There are 2 protein chains.
Amino acid sequence: MTRYSRQTRMLVAIDCIIFGFDGQDLKLLVIKRGFEPEKGKWSLMGGFVQPDEGFDDAASRILKVLTGLEGVYMEQLFAFGGPERDPMERTISVAFFALVDINAYKQQLSEEYRAEWISLKKIPRLIFDHADMVNMAQARLRYKAAIHPILFELLPQKFTIPQLQILYEAVYDTMFDKRNFSRKVLSTGLLVKQKDKERTSSKRGAFYYKLDKRKYSAKFNAFLNFVADPGNLK
Amino acid sequence: MTRYSRQTRMLVAIDCIIFGFDGQDLKLLVIKRGFEPEKGKWSLMGGFVQPDEGFDDAASRILKVLTGLEGVYMEQLFAFGGPERDPMERTISVAFFALVDINAYKQQLSEEYRAEWISLKKIPRLIFDHADMVNMAQARLRYKAAIHPILFELLPQKFTIPQLQILYEAVYDTMFDKRNFSRKVLSTGLLVKQKDKERTSSKRGAFYYKLDKRKYSAKFNAFLNFVADPGNLK
DNA sequence: GCAAAAGTGTTTTCATTACACCCATGC
DNA sequence: GCATGGGTGTAATGAAAACACTTTTGC
């Protein structure tokens, strides 16, 4: 077979919007870009799609290179293709967003990439259209978490209900009534109470919970209305 | 500036999943592919992204070539990038789905592309991964229409509540109680009752409604819970 | 004993569901 | 006058929201 004639071929990149939660705030993992153009500027972690790779493969590879993590929650966010988005050469980018347990991210912040977790509240200027990507990822996270139980992906295996509530409050930048909140999350049946308690953040201690993995898989795509009134999202 | 060295460039295509509604069933607009490979097989309408075009531009251009329509509801669905998806040459495809008023689609089905509206219930074999695209688009449509008032895009400017109900029933392949259905859609405040009636489908006639465009724009991204229990979607 | 966070219960309000009859018209 | 589809009301149920006090324990 021949090739399609007279058509322009383009570079295809992946960029990863990697979210973490440090117990208080939502964080974004960014790097200092290591090559021109825009070398030394803050950037999302990314790379080019290789000839034998699909997008998911490429995104997983890139995430692993940066964090050492595998099997992390990741989904395709959007394909960005403005003709001028990379001044060097026409490059399209398929953006993925990932949710990682920031605690499992042991590998110290790679010297090679100069990666850092920065708070979503104070994001520095990012190269190209990466700020658009981050904004869209944040909107998608809010949208999706209102309906599906994805925020657990940001927590360690064992977590407390107050921790979970702080996470939801960080994502929606609002406060929830703790009685209604705990009733709601427990009513999903997704949580299994543990015998031990977390004791660093209070004297009394808060019981740990784990996800019921069976139910979690089963309900992952159900409409759970996790957040009753998330406001005007898109 | 130079170019990025040692990276593979790829063809970038757009494919359009175009939905219509004929008053009874959901339809998909497909064409007979006009070039090799797979010439003469059923295919989605598509084309290559040009050097000076963004994805939205390209998708609009392609939709216009096929249907003559502009200003149609269209959103990016997903980027498909499996390394083997086009046997001829590595080609990635950014899929869009569009909702068109099938009645506004006057231009007779283009001879050049041999386009046809086919029922979603009996889709023929499509080339490449186009069936995956259609399935994903249908899932997205159900997902989104459960929460946002997008199905109006499939109807003419003036429509009746029974027509609207048939549309929702087609999308979700289920039946709704007409009293609850009409109360629910009217409670959104999005509909403006007209003075005239549609008289072809019943003797008594059903009042026409139009969208309140102001409120429609304002509420487009709100969570409306248009369909209370859409079941297990993804 | 007191400060700090965890945990729990009740009432009200609102949305959703289930369900049945009358209306207008063409034939 | 009857068949066809259009249009409406009500009662019961379930989910969400508002709201305050008791418990535990380290200091």
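Letters A, B, ... mirror the listed sequences (proteins, then strands); counts begin at 1. Everything numeric in this text was worked out from a predicted model, so none of it was measured.
Heavy-atom nearest nucleotides on DNA chain D were determined for B:Thr160 and for A:Arg204, and the one closer to the 5' end corresponds to B:Thr160. Toward the 5′ end of DNA chain D lies the nearest nucleotide of B:Phe207, the other residue of the pair B:Phe207 and A:Asp177 mapping further downstream.
For B:Arg179, taking side-chain heavy atoms from C-beta onward, the closest of the listed nucleotides D:dG7, C:dA6, C:dA20 is C:dA20. Closest contact between the side chain of A:Lys203 and the listed nucleotides D:dT25, C:dT16, D:dA17 involves D:dT25. Closest to the side chain of B:Ser202, from the set D:dG6, C:dG7, D:dC19, is D:dG6. Closest contact between the side chain of B:Pro162 and the listed nucleotides D:dG6, D:dT4, C:dT16 involves D:dG6. Nearest nucleotide to the B:Asn180 side chain, out of D:dA18, D:dG9, C:dG7: D:dG9. Here the side chain of A:Ala206 is nearest to one of D:dG7, C:dA4, C:dA6, namely C:dA6.
The OH-C1' distance, from A:Tyr209 to C:dG7, rounds to 9 Å in whole Å. Between the C1' atom of D:dT8 and the CD1 atom of B:Ile161 lies a distance of 11 Å, rounded to the nearest Å. Per the geometry, CZ belonging to B:Arg199 stands 12 Å off P belonging to C:dC27, to the nearest Å. In this structure, the CZ atom of B:Phe181 is 14 Å from the C1' atom of D:dG7, given to the nearest Å. For B:Tyr208 and D:dG5, the OH to C1' distance is 15 Å, given to the nearest whole Å. D:dA18 atom C1' lies 15 Å from atom CZ of A:Phe176, rounded to whole Å. Rounded to an integer number of Å, the gap from CG of B:Leu224 to P of C:dT16 is 11 Å. Atom NZ of B:Lys178 is separated from atom P of C:dA18 by 17 Å (rounded to the nearest Å).
A:Glu198 and A:Lys158 are not joined by a salt bridge, as no carboxylate oxygen comes within less than 4.0 angstrom of a charged side-chain nitrogen.
The ring of A:His148 has its center no closer than 6.0 angstrom to the ring center of A:Tyr73.
Side-chain nitrogen and oxygen atoms of B:Lys184 include none within less than 4.0 Å of the OP1 or OP2 phosphate oxygen of C:dA15.
For B:Arg183 and D:dG7, a side-chain-to-base donor-acceptor distance below 3.5 Å is absent, hydrogens and geometry of angles not being considered. No hydrogens or angles were tested; on distance alone, nothing pairs the side chain of B:Lys197 with the base of D:dG6 as donor and acceptor under 3.5 Å.
Residues B:Glu116 and B:Trp42 have side chains in contact (heavy-atom distance under 4.5 Å, counting atoms from C-beta outward). The side-chain heavy atoms of A:Phe176 and A:Lys184, taken from C-beta on, include no pair separated by under 4.5 Å.
For the side-chain contact (heavy atoms from CB on, under 4.5 Å) test with A:Phe226, the passing option among A:Ile147, A:Ile150, A:Val185 is A:Val185; the others fail.
Using a 4.0 Å heavy-atom criterion, one finds that A:Ser187 contacts no nucleic acid atom at all.
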